[in-house]
Structures are given as C-alpha cells and as structure tokens.
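Below, each value reflects all heavy atoms present in this structure, side chains not excepted, and no hydrogens, waters or symmetry copies. Lettering of chains follows the sequences in order, A, B, ..., and the numbering in each one begins at 1.
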There are 2 protein chains.
Amino acid sequence: METITIKDIAKLCGVGVSTVSRAMNDHPDINPETKQMIMDVIRENNYIPNNSARNLKRTDSKNIAVLVKGVDNPLFSRMIRVIEEEIGKKKYSMVVHQVEYYEDEVEAALELEQEKRLCGIIFLGGFYSESSESLARLKAPVVLVTSAKPQFEQNSTYSAVSVDDIRESYKMVDYLCRQGHKDIAIITATMHDESVGKLRLLGYYKALQENNINVNEKLVKYMDEGEDYSMGRGYQLMTELLESGEKISAVFAISDSLAIGACRAIHDKGLQVPEDIAVAGFDGIDIASYYSPSLTTIIQPMEAIAKEATQILFNVIRDKSMHTRKFFEGELAVRESTENNKENSAD
Amino acid sequence: METITIKDIAKLCGVGVSTVSRAMNDHPDINPETKQMIMDVIRENNYIPNNSARNLKRTDSKNIAVLVKGVDNPLFSRMIRVIEEEIGKKKYSMVVHQVEYYEDEVEAALELEQEKRLCGIIFLGGFYSESSESLARLKAPVVLVTSAKPQFEQNSTYSAVSVDDIRESYKMVDYLCRQGHKDIAIITATMHDESVGKLRLLGYYKALQENNINVNEKLVKYMDEGEDYSMGRGYQLMTELLESGEKISAVFAISDSLAIGACRAIHDKGLQVPEDIAVAGFDGIDIASYYSPSLTTIIQPMEAIAKEATQILFNVIRDKSMHTRKFFEGELAVRESTENNKENSAD
DNA sequence: TTCTTTTATGGGAGCACTCTAAAACTTATC
DNA sequence: GATAAGTTTTAGAGTGCTCCCATAAAAGAA
C-alpha cells in the first residue's frame, strides 16, 4: 500500500497533474465536468494531498499557529477547541504551541514562522513586554486574544479581542462595594504594565475610589511574572492575606482558579465563604458554577471571543482588511460566594 | 528581509549545501571543525530550516500527532503539556488534533497521516471500536494513553500506557465498602466494551461481589457514547439517581469532573457530602483537592504516564523496538468527600 | 475562410530541503 | 611512487505539490 500522490490521481483520471491541482484548489479555469470527475476519483481513492509539499510551494501556507501560555488553563483549552473548529472549517490547519513561562512568546512565534511558514498567528494570554515594536517583527498577521492592550492605533500591526478588563473588573469590585464591603482584597498577576492583571487592578482602584474607599496596599497581592493562574497559587496568596492580620471582608481574584484556591484557604483557616469573607473570581469557567459555594464571577464569552478572533484573522489574511480591536461584554454572575447574608438577612 | 535558506548558509560558509545539511542533522561523516563553523554561522543568522521542505524529503518526518477526544478535559490538557515538552526536547514537533465526539479517531489519524507525514501517533482517550484491526491500518507507530485495552498480544501493532482501570476502580469501591457503604451508585461512561468506563464498571462489580453486596442495576448510571466527562453530565445523572428514590449512601463517579457535578447535585437537593452521601472521583485533577469538600479520588500519575508514552513511542520509532503495555499504579487519595463521620464519630 | 479572443489543459520549473553516489583530498602500505 | 583505503566534501536527483506559461480547442468577429 504505497502512498498515493497527485500523479497517481492524474494518471487515473487521464488528465495532467496541473488539472488535478486546479480541481482541488477551486481554481476558476477548469471545466466543471472535469472537476467533478477528478473529485470523484480523489474521493474513491481517499487521496489527501501532502501538506508539506503544498506548504513548500504555496505563498499562502494555510497554517495558523496558536501560541498559549498554559494549554492547561481551562479558559484557554476551551478556546483552543473552538479555534480549531473554526480553522478546520476553512480548511486551514492549526498548530498549537505551548509557551513556557520563561519564554518570550514573540521569539517563539518568530521561530515557528520560519519553521512552519505561518499565514496567521493567534496569541492566547501572554505579556508582549516589548509590545508593538516586538510584534511588528512578525510577518504573519497577529491576533491577540485575552491580553492587555487597550490602546490601539490606526494602522496597528495586530488585532486584539477580549473583554474590557478595566470595565469588567470595575463592575465586579463596584458590585462588592455596593454589597457593603469596605475591606476588599485583590489577588492579581504581575505588576507588568502590559498584563491583564494590571488592567484588572486598575478597575479595582477605580471602583474603590468611586465608592470612596481608601486603597490599602496590604490587601493587594501579586503573583510572580509568568506564573500560571493556578489554584495552588490562589491558596498561597490567600493564606498570606489571612495571616497578615489585616481586616478583610471580601476578596476579588482575577481568575476563577485563583478564587477557588482562595476559597479553600479560607475554609482551611476555619472561616466560611461568604459568611466571613466573600470571594469573587473572573472568567466563568465551568467549575465556577459547580463549586461549593458557587462562585460569583465575570463570565467571559469565550466561544464568541474565540470565534471572532479567528474571523478577524481570516479577514486580514484573505481580504487584507485592516486590523481591528474588538471588545466583548462580560457578564457579572452573582452566585453564592458573595451572597451577603449578614446585612440582608431580613430580606 | 528575505527568508534565509540553507543555500544562503552554504554560501556564507563557503561550503556545499549538503555539508550544511550534514552539520544540522548530526551526520557522522563530517569534520568537527567544519561542523562547528557552520553551526556558528547558523546561530548568528538565526537560521531555522523550513519544516515543510524537510518533511517532504525525509523518510522519518519528525511529526508526532496527538489525537484527543476533548482537549479541554483537564486530565488531557495537562498531559498534552507534558507530551509537548518531551517531544520538543527530542527536536520533534507535535500536532494536536481535537477529535469530535462523533468522529472515528482512527479515521482522523489516517487523514492526518497522509496529510502530515506522521512518524508517530498518540491517542489520548477515545474508544477504538474496531480495535486492533482498525489501528493496524495506521502505518506510524501508535501509543494509546488512558484507554481501555488491557489485553495485549505479542507483536501488537500498538503500545498502551495507563493505570489498570479495573484494579484502581476496585480499590476505590472496595474502600467504600470497607467504610461501611452498602448502597453504592456508580456514574460511568458508555457500555461499550472497549471503553475505560466499562473497565471501571468491572472493578466496581468485582469489589461489590467480594464484599458480598448485591448489585442493584438501578444504581448504575451511564453517559452516552462519545460524551465528555463534564460536570454538567455528572450533575444530571446524579439528579436522576437522587430522584429515582433508590437508597444511596455513596457514589463513585469515574472522573473527577463527573464527581464534582454529582456533589453539586446532592447539595442542590439539600443533602450533604459526605454526611448524607459520600462521593468519590477518579483522575486526581487539581480541582479535586481544592473542592469543598475535597474529593476522594484515584490520582493518576499523569506526568509519568505522559512521559512514558512519549518515551515508548520514541523507542519504537528510533530503535524499532517492540510495542509494550505499561501499567502505572494510581494512588487512592482519601479526602473529605468520603469521610465517614457517622460510624466513626467516636474515633 | 482567416484571425482574434476565450476557455481548458498540460508541461515543467521551482519550492527548501535530504541523501546517494561519486569526486576530491588524505593518509597508509608496500 | 603507485595503489589502496579511508575521510570529507560536493553535485545533483528526488520529494509532491503549485503556478506560470505555452498550447490546443472552441467560439466569436471580420
């Protein structure tokens, strides 16, 4: 059972190799009947063209890379699933690349580009320390998903799609303030200017300010740069918070995983969520609604974001359209972890 | 900034193209000094060979595909991370392919093989309805990870690595029996003979039998074929169980996600875990230990399994060594969700 | 009928590599 | 100094495909 090539198909059909190529690639200059005949033969013989040979010759490689910091982040793995579906529909193929925390994602993309002849790049998460200048080194169009970068110039060299992190974070913290909380801690990511953690922190500051609450910097806990948003890390940081002796009535963790770790830490100190401390997360991953107590969170429309990201990428690749910046609206889901039993018990 | 090719490097070094190729591929017939010189030039110019061109010519393509039913299954996404690391170390590249529930994974692999010139295939999960005969259609060596298939003939056409599902499941149910439970329900996957769900069900039967407990088929709940092990599904099936009116003192769900869904369902009926019903899971994903109550489960050594799987694959690819069947030992982690307060309150 | 235009097809160069076979250069042996 | 044997290098064929260009056939215009 030898590998079957385009030549074999051509011979079988009694036509030239180029005609078979034409039929497969929806080239206009071909007789519909010939095309039909060729396609039938292809199907009968389960012929699938060799991707390497195609990519070698083609200018447009039909390879899209997805670079992820943490494939096992539930938010990302869910999005990867959607992105692969979308990419598959358009007959492109997806290359997933896990970027280690110590790696520079743009460097990694640069390598992949040489190696795999990419025609498009999607970044899930990540920091882009050098920002625009760094991203501009990539030849293929780039879409940033769920990353910082609210600023967006005309003629940008990349697109971006995400929720408005400042606004969504504001929404959550403002909600906590209205619930009567005054001592609200936050568990966030690195202080890096280009990080989602920074934006969500800004939303936190803004909400406190508008509610006339002074910021207590001792209630602001940072993860280290490049660390995953893990439950373990949430647990540690919450424990530090609890052991600091500061008064805390609510905690906002910038991911659901961190929030769950925090819940567990509170529990392990013999305290109750939400009775003693309310906890809120961010993302809206499955576990948030199944956790006990179910977790108040900002639900990011992951499917929509992932779909839009691939759509934008295709627009840029195929129609050479301009890069764009799209914001999605998150949904504040109020659940058990912030139910205010103390004050509202009379309701 | 034009793309740099092997020709450019050859010219820069003042040597032939084939010599550069030799240097890069650790070919023995080359002067060490020449090689060093060439490697220096390559590094200085950030040259990275084009993968498509390589794969086109090479017999062994250095492409390994990972086919997954459900990339967003936490167990799998974690393993994917480890597998990519291992594959990367050996300078091979990984192609992740999400297999939809309605797709036949072997068909999908067959396509990928033609398309991407695979030199190895790893399956994560999946069913393999046609089993051996079907798998034998693949030319590249295959390793099944976390799949059924305890039987293993000499000269098998594939390797397999997993825990011994029957034994691990037995361990768990036997433990529940010893805790004094008599009415133990199970939430498992399809009845399909080649599924992990079936094996774990066999372990359940065995444990009940050895503990002289009659099986009540009304306590055995099946998911549909191809469905993900989701929390939502666990919730539904547990709700059905609770509404059946059968007496239930413990539930064993064959994945942690299902178990968490079950916990939530019990909670929503106004009952307590473990006081009213004990719950046990399987897998040992992160959330299991952070959930409230923390979840009793069988911890699969995911990292070790993933590493071993890639190792075996490399052995078969490179040394043409025989296929093997490797079992790992799981760890029964007893946690809050099965703590037996009732009987042992005097302890 | 002859010339131009349109439509359909085939030939073959080229993509960036690998690898075989042969060439060029060493060194050893008599 | 000639031959053999080994080492290092190179030219060039081959990989499966795409796409430009040439050609052939059909259609339309003169």
Spacing between B:N63 atom CG and D:dT15 atom C1', to the nearest angstrom: 15 Å
Other residues, nucleotides, ligands: >12 heavy atoms within 6.0 Å of A:K62 NZ: yes
Upstream residue (5' side of DNA chain D) when B:T34 and A:A53 are each assigned their closest nucleotide: B:T34
Spacing between A:M24 atom CE and D:dC19 atom C1', to the nearest angstrom: 12 Å
Residues in ring pair (Phe, Tyr, Trp, His ring centres under 6.0 Å) contact with A:Y92, at least two apart in sequence or another chain: A:F314
Non-hydrogen atoms of B:A140 and B:C119 that approach each other most closely: CB-C, 3.8 Å
Side-chain heavy-atom pair B:L67, B:H97 within 4.5 angstrom cut-off: yes
B:R117 side chain near D:dT15 phosphate (N/O to OP1/OP2, under 4.0 Å): no
A:I48 side, atom CD1; B:E111 side, atom CD - distance, nearest 0.5 Å: 4.5 Å
A:V82 backbone acceptor or donor facing A:E303 side chain under 3.5 Å: no
A:K69/A:E103 salt bridge by N-O under 4.0 Å criterion: no
Rounded distance (Å) that lies between atom C1' of C:dT18 and atom NZ of B:K62: 12 Å
Touch class at under 4.0 angstrom, heavy-atom based, for B:N31 against every strand present: sugar-phosphate
N/O donor-acceptor pair under 3.5 Å between A:T324 side chain and A:K326 backbone: no
For the student: nearest non-hydrogen atoms of B:M39 and B:A23, plus distance: SD-O, 4.0 Å
Close residues, residues 10-21 of chain A, relative to DNA chain D [heavy-atom separation under 4.0 Å]: A:V17, A:S18, A:S21
Pairwise 5' ranking along DNA chain D for B:P28 and A:K7, keeping only the more 5' one: B:P28
Separation of B:I80 CD1 from B:L124 CG (nearest 0.5 Å): 6.0 Å
Between P of C:dC17 and NZ of A:K116, the distance in whole Å: 14 Å
With B:E100 via salt bridge (Lys or Arg N to Asp or Glu O under 4.0 Å) - residues at least two apart: A:R81
Any B:M302 side-chain heavy atom under 4.5 Å of B:I305 side chain: no
Integer-rounded Å distance: C:dC19 P and B:N55 CG: 11 Å
side-chain N/O B:N25 vs C:dT18 OP1/OP2, d < 4.0 Å: yes
B:R54 CZ - C:dT18 P separation (whole Å): 5 Å
Degree of bending in the helix from C:dT1-D:dA30 to C:dC30-D:dG1 once both end axes are built from five pairs, to 10°: 60°
Where B:H323 and B:S156 come nearest, the two heavy atoms and their spacing: CD2-O, 3.4 Å
For DNA chain D, the residues among residues 42-52 of chain A that have a non-hydrogen atom under 4.0 Å from it: A:Y47, A:P49, A:N50
Spacing between B:L56 atom CG and C:dC17 atom P, to the nearest angstrom: 12 Å
Between the protein and nucleotides 22-24 of chain D, are there any N/O to N/O pairs under 3.5 Å, and if so, what are the atom names and distances?
none

Residue pair B:K320 / B:I317: nearest heavy atoms and the distance that separates them: NZ-O, 3.8 Å
d(NE2, A:H27; P, C:dT7) in whole Å: 13 Å
